There are 2 protein chains.
Amino acid sequence: MPRFRVPEITVERLSIYLRALKKFPEEKVLSSQELAELVGTTDAQVRKDITYFGEFGIPGQGYHVGKLKEEITHILALDREWELALVGVGKLGTALLAYPGFKKKEFRIRAIFDNDPKKIGIRIEGLIVRSVEKISETLSRYGIKIGIITTPAEAAQDVADRLVRGGVKGILNFAPVRIIVPEKVKLKNVDLSMELETLSYFLSEGTSTGSHNF
Amino acid sequence: MPRFRVPEITVERLSIYLRALKKFPEEKVLSSQELAELVGTTDAQVRKDITYFGEFGIPGQGYHVGKLKEEITHILALDREWELALVGVGKLGTALLAYPGFKKKEFRIRAIFDNDPKKIGIRIEGLIVRSVEKISETLSRYGIKIGIITTPAEAAQDVADRLVRGGVKGILNFAPVRIIVPEKVKLKNVDLSMELETLSYFLSEGTSTGSHNF
DNA sequence: TAGATTGTTAATCGATTAACAATC
DNA sequence: TAGATTGTTAATCGATTAACAATC
């Protein structure tokens, strides 16, 4: 529905706006200024982001919470159910399985995989751990379109290849490595080492031992 | 040391370059082109990122792996040890405590906190869980400058305030909420819901039920 | 109507890319 | 020297911000 190409950062902010909106009653009307303050951006940014998709506001008034929530929910395709596969049932994978976000209806983990024979067959959060060998056939069978990688770095590329063969269209990668996927597949990386190292840089800035300003 | 203001995205890419470099022998020389391919960017980008900080390459040859690794390590301040505090010893917090990145010397979790009386006092990965009440005094005492928030959304702002009072200069926030910190404190968000919702958007693009292209 | 705030265009800002002289 | 690739400047691209007519 957008009139033009939408920047990814705009889509990310829509998700943030939606979360903020959920704290208000449906009937409330919020101005772009108020919404901006809630999420730490500017009123112009809010209006620009929203108008990529349509005219959902009331001039002179603002945005009706219920209406805007509904529109963003539809834009982000959260008015449907997505089934997910998770590969790598280590500490992080298990933690994500219990994540409240996966108890909601929009996203539901449907299949889980590991390459450790000791784990295959056991049940976690109601799901049986399958062998990574079964990834593509299982995903094809279930029509799963989103995969989450929580394996060690070494296994991530092979797992990604299997997910792609199984027909996924999106991958959320937590392994600390840059994986390569076909252009058609949307890849998002969550890179803890990178985040920490970036913090390290900014913290060392402006200290006597490593100023980074001129 | 940089001559000009450095974009955050450049710092993030330096972290990625560094990880790629670690797979090569010290004596090897890589061109910006080769390095770019390894991490999925362009040769011009690699050179631009690096030259914010100095001239580390050899015209006609490329970049000496050992030398470049050393320089980036120094730029990112990874040639020192950072002590961290982690707040919220639930599934995700516990998973992060076991994360291999925290077994290395650059980042070490030194103190952990929770608000659940049943958890306070127990030992996890060699650390005793303290009460969130003790955050600021403990951080001041130890001189901890980085905090990780793995609490539920409701607790995150209070925890952030305590971390700031304790003197942290950087926060890595995993709670699904936008927290507010003083300008001097560097905040990085890892937002799983947002990542999934962005994937949802891109996957619904170009499908019959919700095309987002014109 | 007067006041407020949207939607949108134009101006600005900042990051990426292209191109090439310098140099190993 | 000839070939290759850096470091850097200028051109391009894209996102943010400012400003204001339209409109509730």
Side-chain angles (χ1 to χ4, degrees), chain A residues 1-17 21 24 27-69 71-72 75 198 201 212-214, chain B residues 1-17 21 24 27-69 71-72 75 198 201 212-214:
Chain A
M1 309 213 172
R3 294 90 176 265
F4 307 103
R5 202 202 129 265
V6 180
E8 178 153 350
I9 187 90
T10 284
V11 178
E12 295 184 347
R13 278 191 301 257
L14 287 183
S15 167
I16 308 298
Y17 300 154
L21 288 169
F24 290 87
E27 328 73 56
K28 181 131 174 89
V29 174
L30 290 171
S31 67
S32 54
Q33 165 102 59
E34 290 171 299
L35 199 39
E37 270 166 29
L38 287 167
V39 304
T41 181
T42 64
D43 59 329
Q45 182 93 81
V46 168
R47 295 198 301 279
K48 188 115 237 271
D49 287 338
I50 291 172
T51 53
Y52 274 106
F53 299 93
E55 308 189 0
F56 306 138
I58 313 156
Q61 315 263 294
Y63 298 88
H64 183 267
V65 168
K67 156 95 166 158
L68 189 54
K69 264 168 59 178
E71 294 290 353
I72 297 179
I75 291 162
T198 308
Y201 170 83
H212 291 141
N213 294 313
F214 297 85
Chain B
M1 307 208 176
R3 294 90 175 264
F4 308 103
R5 202 201 129 264
V6 180
E8 179 153 349
I9 187 90
T10 284
V11 179
E12 294 184 347
R13 278 192 299 258
L14 287 183
S15 167
I16 308 298
Y17 300 153
L21 287 168
F24 291 86
E27 327 73 55
K28 180 128 174 89
V29 173
L30 291 171
S31 67
S32 53
Q33 165 101 62
E34 290 170 298
L35 199 38
E37 269 164 32
L38 288 166
V39 304
T41 181
T42 64
D43 59 329
Q45 183 94 81
V46 168
R47 294 198 301 280
K48 188 118 240 271
D49 287 338
I50 291 172
T51 52
Y52 275 106
F53 299 93
E55 308 189 359
F56 306 138
I58 314 156
Q61 315 263 293
Y63 298 88
H64 183 268
V65 168
K67 156 97 167 158
L68 189 54
K69 265 169 58 178
E71 294 290 353
I72 297 179
I75 291 162
T198 308
Y201 170 83
H212 290 139
N213 293 312
F214 297 86

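Chain naming here is simple, since letters A, B, ... match the order of the sequence lines and numbering starts at 1 in each. Keep in mind that this is a model prediction, so the values were computed, not measured.
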Calculate the interatomic distance between [X] atom [atom1] and [N] atom [atom2]; express it in whole Å.
X       : N     : atom1 : atom2 : value
B/Leu68 : D/dT6 : CG    : P     : 11 Å
B/Leu30 : D/dA4 : CG    : P     : 18 Å
B/Asp43 : D/dG7 : CG    : P     : 12 Å
A/Glu37 : C/dT5 : CD    : P     : 12 Å
A/Ile58 : C/dT6 : CD1   : P     : 9 Å
B/Phe53 : D/dT8 : CZ    : P     : 14 Å
A/Phe56 : C/dT6 : CZ    : C1'   : 13 Å
A/Gln33 : C/dA4 : CD    : P     : 13 Å

Can you list, pair by pair, the side-chain donor-acceptor contacts under 3.5 Å of residues 35-45 of chain B, counting residues two or more places apart and other chains?
unit_1	atom_1	unit_2	atom_2	d
B/Glu37	OE2	B/Gln33	NE2	3.2
B/Thr42	OG1	B/Gln45	N	3.2
B/Asp43	OD2	B/Arg47	NH1	3.3

Query raised in the report: Going through the checks in order, is the side-chain contact (heavy atoms from CB on, under 4.5 Å) test met by B/Leu14 and A/Tyr201?
Result: CA-CA 10 Å; B/Leu14 287 183; A/Tyr201 170 83; 6.0 Å; no
Report summary line: By side chain to side chain contact (heavy atoms under 4.5 Å, CB included), B/Lys67 pairs with (sequence neighbours left out) B/Phe56, B/His64, B/Glu71
Query - B/Pro7: side chain to side chain contact (heavy atoms under 4.5 Å, CB included) partners, not counting sequence neighbours - result: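 Per chain and number, B/Pro7 pairs via side chain to side chain contact (heavy atoms under 4.5 Å, CB included) with B/Ile9, B/Thr10, B/Tyr52.
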Query raised in the report: Taking only N and O in the side chain of B/Arg5, is any of them less than 4.0 Å away from OP1 or OP2 of C/dA15?
Result: yes
Query raised in the report: Is there a side-chain polar atom (N or O) of A/Tyr63 under 4.0 Å from OP1 or OP2 of C/dG7?
Result: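 Looking at the OP1 and OP2 atoms of C/dG7, one of them is under 4.0 Å from a side-chain N or O of A/Tyr63.
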Report summary line: Taken in chain and number order and not counting sequence neighbours, the residues that satisfy salt bridge (charged side-chain N to carboxylate O under 4.0 Å, His left out) with B/Glu8 are B/Lys186, B/Lys188
Report task. Would you indicate what A/Thr10 reaches in the nucleic acid, counting non-hydrogen atoms under 4.0 angstrom: base, sugar-phosphate, or nothing? Result ->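 The residue A/Thr10 makes no contact with any strand.
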Report task. Working to the nearest 0.5 Å, report the span between OH of B/Tyr63 and CZ of B/Phe24. Result ->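 Answer for the OH-CZ pair, B/Tyr63 versus B/Phe24, is 15.5 Å.
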Requested in this report: Work out which heavy atom in B/Leu21 is nearest to a heavy atom in B/Val65; give both atom names and the distance.
Outcome: O-CG1, 3.6 Å
**Report entry** Minimum heavy-atom distance between B/Glu34 and B/Val29, given as atom pair plus value
**Finding:** OE1-O, 4.1 Å
Requested in this report: For DNA chain D, just give me the dot-bracket, please: Watson-Crick or G-U, both distances below 3.5 Å, ( ) intra-strand, [ ] crossing earlier pairs, | paired with another strand, . unpaired.
Outcome: ..||||||||||||||||||||||
Can you give me the N/O atom pairs linking the protein to nucleotides 17-22 of chain D at distances under 3.5 Å, or say none if there are none?
unit_1	atom_1	unit_2	atom_2	d
D/dA19	N6	A/Arg47	NH2	3.2

**Report entry** A/Leu68/A/Ile50 under side-chain contact (heavy atoms from CB on, under 4.5 Å): CA gap, chis, key distance, verdict
**Finding:** CA-CA 9 Å; A/Leu68 189 54; A/Ile50 291 172; 4.0 Å; yes
